[in-house]
S.K.: 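I have a structure I would like to understand better, so I am pasting it below and will then ask my questions one at a time.
Reckoned from all heavy atoms, side chains included, excluding hydrogens, waters and symmetry mates. Here the structure is a predicted model, which is why all the values come from computation and not from measurement.
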Amino acid sequence: MLSITINNLHFPNPFLLASGILDESADTMFRIIKHGAGGVVTKSIGMKKRGGYQNPVIYELPYGLINAMGLPNPGIEAFGEEMKKLKNCGVPVIGSIFGGTTDEFVYLAKKMENYGADAVELNLSCPHAKGYGMEIGVNPNLVAEIVGEVKKSVSIPVWCKLTPNVTDIVEIAKAADKADALVMINTLKAMAIDIEAQRPVLSNTYGGLSGPCVKPVGLRAVYDVFKEVDKPIIGVGGVCSWTDALEYFMAGASAVQIGTAIATKGPTIFAEISRDVADWLKKHGYDSIKDVVGVAHR
Amino acid sequence: MLSITINNLHFPNPFLLASGILDESADTMFRIIKHGAGGVVTKSIGMKKRGGYQNPVIYELPYGLINAMGLPNPGIEAFGEEMKKLKNCGVPVIGSIFGGTTDEFVYLAKKMENYGADAVELNLSCPHAKGYGMEIGVNPNLVAEIVGEVKKSVSIPVWCKLTPNVTDIVEIAKAADKADALVMINTLKAMAIDIEAQRPVLSNTYGGLSGPCVKPVGLRAVYDVFKEVDKPIIGVGGVCSWTDALEYFMAGASAVQIGTAIATKGPTIFAEISRDVADWLKKHGYDSIKDVVGVAHR
Amino acid sequence: MYRVVRIEKVVQETPSIKSFYFVDNSNPAPGQFYMVWIPGVDEFPMSISAIDDLKRFTVKKIGDGTAAMHNLQEGDRLWIRGPYGRGFKPTDEPALVVGGGTGMATLAPLINALRDADVIIAARNEKELLFVDEFPDKEVHIATDDGSRGFKGFASELAAVLIDKKEYGMVYTCGPEPMIKAIVDICLARKIPVQASLERFMKCGIGVCDSCSINGFRVCADGPVFSEKELAQMTELGKWKRDPSGMKVKI
Amino acid sequence: MYRVVRIEKVVQETPSIKSFYFVDNSNPAPGQFYMVWIPGVDEFPMSISAIDDLKRFTVKKIGDGTAAMHNLQEGDRLWIRGPYGRGFKPTDEPALVVGGGTGMATLAPLINALRDADVIIAARNEKELLFVDEFPDKEVHIATDDGSRGFKGFASELAAVLIDKKEYGMVYTCGPEPMIKAIVDICLARKIPVQASLERFMKCGIGVCDSCSINGFRVCADGPVFSEKELAQMTELGKWKRDPSGMKVKI
Ligand SMILES: Cc1cc2nc3c(=O)[nH]c(=O)nc-3n(C[C@H](O)[C@H](O)[C@H](O)COP(=O)(O)OP(=O)(O)OC[C@H]3O[C@@H](n4cnc5c(N)ncnc54)[C@H](O)[C@@H]3O)c2cc1C
Ligand SMILES: Cc1cc2nc3c(=O)[nH]c(=O)nc-3n(C[C@H](O)[C@H](O)[C@H](O)COP(=O)(O)OP(=O)(O)OC[C@H]3O[C@@H](n4cnc5c(N)ncnc54)[C@H](O)[C@@H]3O)c2cc1C
Ligand SMILES: Cc1cc2nc3c(=O)[nH]c(=O)nc-3n(C[C@H](O)[C@H](O)[C@H](O)COP(=O)(O)O)c2cc1C
Ligand SMILES: Cc1cc2nc3c(=O)[nH]c(=O)nc-3n(C[C@H](O)[C@H](O)[C@H](O)COP(=O)(O)O)c2cc1C
Ligand code: FES
Ligand code: FES
């Protein structure tokens with residue numbers, strides 16, 4: 001009832017771990033899988049080791065989080081050890097990567113393929129790391145080039161993660177023409193100021209907004225792109241409950257990723273959402289989650 | 001302590017009523033002024049009477065609202081009656097207008113000037129009305145042209161209200177070079193789906209997100225533009241408390257507008273915020289709200 | 001966010017009015033209302049007309065939305081949000097309750113909550129009288145415009161007669177606005193406290209859009225129930241309302 | 001969102017350790033921690049070391065952040081968020097509490113909450129012993145690496161001696177990880193329940209970033225206090241930690 005196939009990859013359920021949340025080490029990802037995730041996306045990995053920004057890197061709001069981790073990661077060479085441990089973990093492992101040039105993306109994607117990743121997710125959307133992510137992801141030509149070159153270099157599916165911080169996300173989605181699936185959205189450009197300190201809270205000043213408060217924006221991105229682009233969409237942004245997930249499916253997502261909600265609900269959220277979505281499907285006479293994908297379009 | 005001057009207009013306090021919220025009729029604006037608003041911005045008024053979209057036009061979330069009113073307004077001719085009543089209301093009245101062409105904007109601005117508006121606010125940012133607002137506000141050339149032509153045609157200050165639904169709000173802010181002040185942000189593109197109805201909730205499908213959840217986005221827009229553009233900024237988006245207001249001032253806003261919070265806190269929010277911000281200023285040894293504008297930049 | 005409620009029972013009250021019973025665990029006060037959404041059709045305000053284990057809306061068919069609602073049957077669903085607004089302030093003193101047409105829907109839960117109340121139920125004609133048998137322990141007076149049952153004439157005329165006979169501590173009213181206006185004037189002249197529930201075109205229902213305002217009072221958030229002090233300030237009462245564009249139109 | 005608290009009192013505990021007292025109306029359990037922000041400098045985790053009308057952090061100076069904190073005085077402010085994590089589960093049985101260095105900061109409120117506890121306070125040398133006079137009603141044993149006071153040798157060695165003499169129902173420990181590892185091994189071998197509070201590099205403090213994880217356990221959200229069942233699964237305990245990039249490095 002919940003199992004799905006995207007780009008010939010079989011997912012036991014459509015609730016995946018989002019990149020950057022509890023996925024820097026294989027052991028943690030294993031634990032999330034045990035809690036029922038249908039797949040995991042790794043932390044975005046780059047060419048070299050990066051410590052990320054100085055604390056504070058996160059700011060809690062009643063309705064979400066602002067983060068500026070700064071893409072910390074041990075670098076693609078060291079990450080091989082984690083990927084090796086994930087072999088036979090039972091669900092697809094999607095290797096997320098970020099680069100500063102097309103060549104870097106190609107190199108990283110090949111590495112991930114060699115490490116056994118089932119797919120690669122291009123992070124073209126991190127809103128707070130200079131020269132990476134979003135600075136690339138807002139430019140349709142760069143997006144087309146990177147996706148095209150990575151596609152030529154690997155035989156695993158290539159997912160492209162889009163930023164909502166653009167005038168027209170449909171334009172970028174179309175530029176990612178060669179991608180096998182689209183993942184949206186990454187975080188919204190944001191910041192917070194502490195009035196007593198009279199300064200920005202994050203050491204990086206800027207950060208990305210995630211959690212419940214971005215769901216209406218993510219939903220609209222998925223809905224818009226579903227209308228115009230014929231490709232699987234993975235919805236991400238503020239999925240905190242089974243109703244949030246169903247909204248994304250009905251807007252056109254074939255799967256969803258879950259990040260920030262793990263802070264508030266814990267890793268058990270995966271099993272809970274699976275159970276509750278399955279219950280809803282049964283009660284409404286649906287045989288498969290696939291049957292509700294895009295039903296809100298009419 | 002709280003009084004400010006923007007473009008030679010004197011505001012008793014920097015807490016203004018945002019466009020579209022309780023400002024279709026003069027009587028309601030009067031009431032908001034009685035509750036302590038330092039100024040009012042009218043509902044955005046167009047050339048002709050518009051009923052707006054069919055209900056539902058609003059969707060309540062725990063952390064904000066999605067609205068697609070569809071720019072209902074009685075048309076600029078009929079609105080003269082309301083403007084007349086607002087004469088001598090004690091605070092500046094800013095006439096908000098929206099048009100489909102530069103000529104319409106010019107016509108509407110002149111009318112507002114004749115009606116006695118103290119300034120005119122160009123709504124270049126409504127995200128859900130086809131052919132209006134945001135469709136214009138994302139295009140720097142159109143923005144520059146409209147602002148330039150309106151400036152030539154009226155002698156009252158011209159405020160330009162920007163949309164956050166762009167790749168680079170600083171670019172648009174710079175395009176609005178001729179504006180006397182910048183107002184940001186309007187709502188974020190968003191939507192909601194009702195899973196039981198299995199369809200979008202708003203009759204217009206798309207709407208604009210406002211309220212607490214957009215504050216981190218608005219704050220960042222103000223902070224970014226303050227760094228690059230030397231012009232008064234009016235912050236708007238999610239101001240619900242005195243701390244929210246102080247965040248905006250510290251990011252660089254000279255005044256803030258308040259909209260959605262009136263639904264949750266009632267019109268008394270104006271007096272409350274004035275009192276609490278004044279208390280904070282006193283406690284921290286500031287003589288004037290002006291002294292905290294932009295202090296988070298260092 | 002909407003709650004979905006199942007219609008448990010439908011009752012035809014008059015040729016043009018039906019009641020819909022449903023279960024919902026909100027806790028409205030008499031005089032409060034909900035926004036009711038019929039997906040694909042319309043969303044509109046409805047007063048709560050009974051507050052028990054089964055709650056109730058009582059709906060007159062007047063346009064597309066209410067017609068669609070009239071087509072619903074037991075087992076069908078309604079999407080609702082609310083309760084919204086400020087309801088009636090109850091009194092312990094003898095009260096007169098004057099309802100015209102569907103105004104009785106709004107007043108019904110109030111009447112049941114009052115200790116000592118006389119009731120005037122008014123309608124155009126006998127057939128459109130609502131809830132005549134719902135208040136066995138209250139003194140119920142009937143008025144019809146055409147005299148087909150009870151007092152022949154307007155509810156306000158009958159109200160004036162009763163008010164001059166008995167000392168009421170409070171008058172409550174809901175119905176067509178000219179009727180409300182007449183009753184408010186009667187009460188203001190005699191210095192009797194009065195509460196009236198008003199209707200205006202509603203969009204948001206939560207006090208942000210200004211579409212429902214009358215002289216600066218938001219019917220959805222400051223009302224729908226207003227007291228004599230507020231009503232006395234409403235120069236538009238019974239005369240002007242606003243259409244969905246915000247344009248002032250004659251009532 | 002941070003709360004700003006005022007430092008009410010500063011106490012120099014040892015040459016390298018200071019305590020900071022403050023008022024805050026959060027309600028932490030022994031073993032929980034806060035994220036402490038020194039604007040312009042750093043943000044880092046700190047255990048609560050006293051839970052009374054005055055709360056307390058007890059801080060060893062080891063880098064820029066803690067040095068900046070050591071410069072703060074009465075009247076200065078701290079920015080805090082929390083409490084976070086899972087604290088100690090108290091027991092009614094006789095317990096042994098083993099604290100090394102600033103580990104005593106984490107354990108102090110626990111010791112005060114326990115009915116029947118013996119305490120080992122350990123440090124490199126006499127000068128660095130923390131809170132030796134804070135628990136007058138408990139049996140306090142002292143251990144120093146250099147023998148300058150009490151037992152000469154590691155806390156774990158002294159713990160083994162005490163455990164073999166008396167039947168403890170629970171062992172609690174916090175301190176340098178090799179010490180923790182040794183004590184956990186002693187307890188596992190003897191099948192005595194044990195709870196240890198661990199430290200890892202923390203960024204978010206709320207269980208999303210994975211920077212603090214040890215064998216898939218998030219120290220910030222699943223810990224910092226872990227029990228023997230979990231500790232037994234931690235192959236990295238005492239051997240490996242992760243640097244801020246997530247790279248595994250030797251302890
Ligand atoms: C607070 C309040 C409580 C109400 N309680 C009841 C009740 O208990 N029973 C009952 O039968 N009616 C009640 N009404 C009136 C009811 O809302 C309208 O009859 C209904 O909206 C008509 O919708 P329609 O789509 O059928 O009509 P349409 O064909 O859309 O319009 C017909 C007329 O109905 C009114 N109307 C339409 N939409 C709205 C709207 N969104 N808000 C207000 N009025 C509208 C207008 O006068 C309009 O001219 C109440 C109205 C208000 C404001
Ligand atoms: C749950 C928990 C509770 C703690 N309680 C106490 C306590 O009560 N008293 C006390 O003195 N110390 C405590 N610590 C350790 C304390 O957080 C570090 O000493 C402090 O972060 C050092 O910061 P710095 O800027 O001075 O050092 P830096 O110069 O930045 O770094 C020196 C070393 O401190 C550690 N460190 C630095 N930043 C962090 C961080 N964000 N998270 C974890 N470790 C870090 C690392 O080992 C690093 O190598 C606790 C740590 C944790 C995880
Ligand atoms: C702490 C944190 C770290 C993140 N790191 C990454 C990352 O490395 N790569 C990436 O593509 N997205 C990253 N994201 C974005 C998430 O994958 C996701 O797109 C976003 O948070 C919205 O989903 P959510 O509301 O479920 O968290 C990060 C988000 C958070 C909160
Ligand atoms: C119901 C509603 C109607 C609005 N109508 C207008 C409008 O007509 N013109 C305009 O410029 N902005 C309009 N806005 C946007 C607000 O002025 C404001 O920019 C936005 O809501 C963010 O502020 P807030 O979070 O304080 O509401 C509207 C917002 C809402 C919620
Ligand atoms: S319906 Fe919007 S203010 Fe009353
Ligand atoms: S510090 Fe981020 S998961 Fe523990």
Side-chain angles (χ1 to χ4, degrees), chain A residues 59 61-66 127 134 138-139 163-169 172 188-201 205-209 211-224 238 242-251 280 284 292 295-298, chain B residues 59 61-66 127 134 138-139 163-169 172 188-201 205-209 211-224 238 242-251 280 284 292 295-298:
Chain A
Y59 188 67
L61 294 163
Y63 38 80
L65 289 179
I66 309 179
M134 204 189 93
V138 301
N139 181 331
T163 171
N165 300 296
V166 292
T167 306
D168 184 5
I169 199 167
I172 308 291
L188 283 174
K189 290 196 289 187
M191 76 178 291
I193 288 171
D194 186 280
I195 60 165
E196 291 301 328
Q198 305 188 22
R199 61 191 302 147
V201 174
T205 303
Y206 302 121
L209 184 63
C213 54
V214 307
K215 187 192 65 175
V217 176
L219 210 57
R220 172 163 183 170
V222 169
Y223 189 93
D224 270 359
W242 61 277
T243 56
D244 296 331
L246 279 171
E247 278 193 81
Y248 269 106
F249 293 123
M250 290 181 184
W280 188 92
H284 289 72
V292 300
V295 292
H297 294 260
R298 43 175 130 192
Chain B
Y59 188 68
L61 293 162
Y63 38 80
L65 288 180
I66 310 178
M134 204 189 93
V138 301
N139 181 329
T163 172
N165 299 294
V166 291
T167 306
D168 183 6
I169 199 165
I172 308 290
L188 284 173
K189 291 196 287 187
M191 75 178 293
I193 289 171
D194 186 279
I195 61 165
E196 292 300 328
Q198 305 188 20
R199 62 190 302 147
V201 174
T205 302
Y206 302 121
L209 185 63
C213 54
V214 308
K215 187 192 64 176
V217 176
L219 210 57
R220 174 167 180 165
V222 169
Y223 189 94
D224 270 358
W242 61 277
T243 56
D244 295 332
L246 279 171
E247 278 193 80
Y248 269 106
F249 293 122
M250 291 181 182
W280 188 93
H284 289 73
V292 300
V295 291
H297 294 261
R298 42 174 133 193

S.K.: Which atoms of A:Pro164 are under 4.5 Å from chain B, going by heavy atoms: the side chain, the backbone, both sets, or neither?
M.R.: neither
S.K.: Do A:Thr167 and B:Asn165 have side chains that get closer than 4.5 Å, going by heavy atoms?
M.R.: no
S.K.: Atom OH of B:Tyr59 and atom CG of B:Leu61: how far apart are they, to the nearest 0.5 Å?
M.R.: 6.0 Å
S.K.: How far does NZ of A:Lys215 sit from CE of B:Met191, to the nearest 0.5 angstrom?
M.R.: 11.0 Å
S.K.: How many angstroms lie between CH2 in B:Trp242 and CD in B:Glu247, if you round to the nearest 0.5 Å?
M.R.: 10.5 Å
S.K.: Among A:Ala190, A:Gly64, A:Cys213, which residue forms the greatest number of heavy-atom pairs with chain B at distances under 4.5 Å?
M.R.: A:Ala190
S.K.: Counting heavy-atom pairs under 4.5 Å with chain A, which one of B:Trp280, B:Tyr248, B:Phe249 comes out on top?
M.R.: B:Trp280
S.K.: For each of A:Pro216, A:Gly211, A:Pro200, A:Pro212, tally heavy-atom pairs with chain B at distances under 4.5 Å, and name the one with the top tally.
M.R.: A:Pro216
S.K.: Check the pair A:Glu196, B:His284 against side-chain hydrogen bond (donor to acceptor under 3.5 Å, both in side chains), reporting the backbone distance first and the verdict last.
M.R.: CA-CA 9 Å; A:Glu196 291 301 328; B:His284 289 73; 2.8 Å; yes
S.K.: In the structure I gave you, are the side-chain heavy atoms of A:Val222 and A:Arg220 within less than 4.5 Å of one another anywhere?
M.R.: no
S.K.: Side chain, backbone, both or neither: which part of A:Ile66 has a non-hydrogen atom closer than 4.5 Å to chain B?
M.R.: side chain
S.K.: With chain B as the partner, which of A:Val292, A:Thr243, A:Asp224 has the greatest number of non-hydrogen pairs under 4.5 Å?
M.R.: A:Asp224
S.K.: Side chain, backbone, both or neither: which part of A:Ile169 has a non-hydrogen atom closer than 4.5 Å to chain B?
M.R.: neither
S.K.: Between A:His297 and chain B, with a heavy-atom cut-off of 4.5 Å, which part of the residue counts as in contact: side chain, backbone, both or neither?
M.R.: neither
S.K.: Let's test your reading of the structure: which of A:Leu219, A:Asp168, A:Thr205 forms the most heavy-atom pairs below 4.5 Å with chain B?
M.R.: A:Leu219
S.K.: So A:Leu65 and A:Leu209, do their side chains get closer than 4.5 Å, heavy atoms only?
M.R.: no
S.K.: Can you check whether B:Met250 reaches A:Ile195 side chain to side chain, under 4.5 Å on heavy atoms?
M.R.: yes
S.K.: Taking side chain as everything from C-beta outward and backbone as N, CA, C, O, which of these in B:Ala197 sits under 4.5 Å from a heavy atom of chain A? Side chain, backbone, both or neither.
M.R.: backbone
S.K.: Is it the backbone or the side chain of B:Pro62 that comes under 4.5 Å from a heavy atom of chain A, or both, or neither?
M.R.: neither
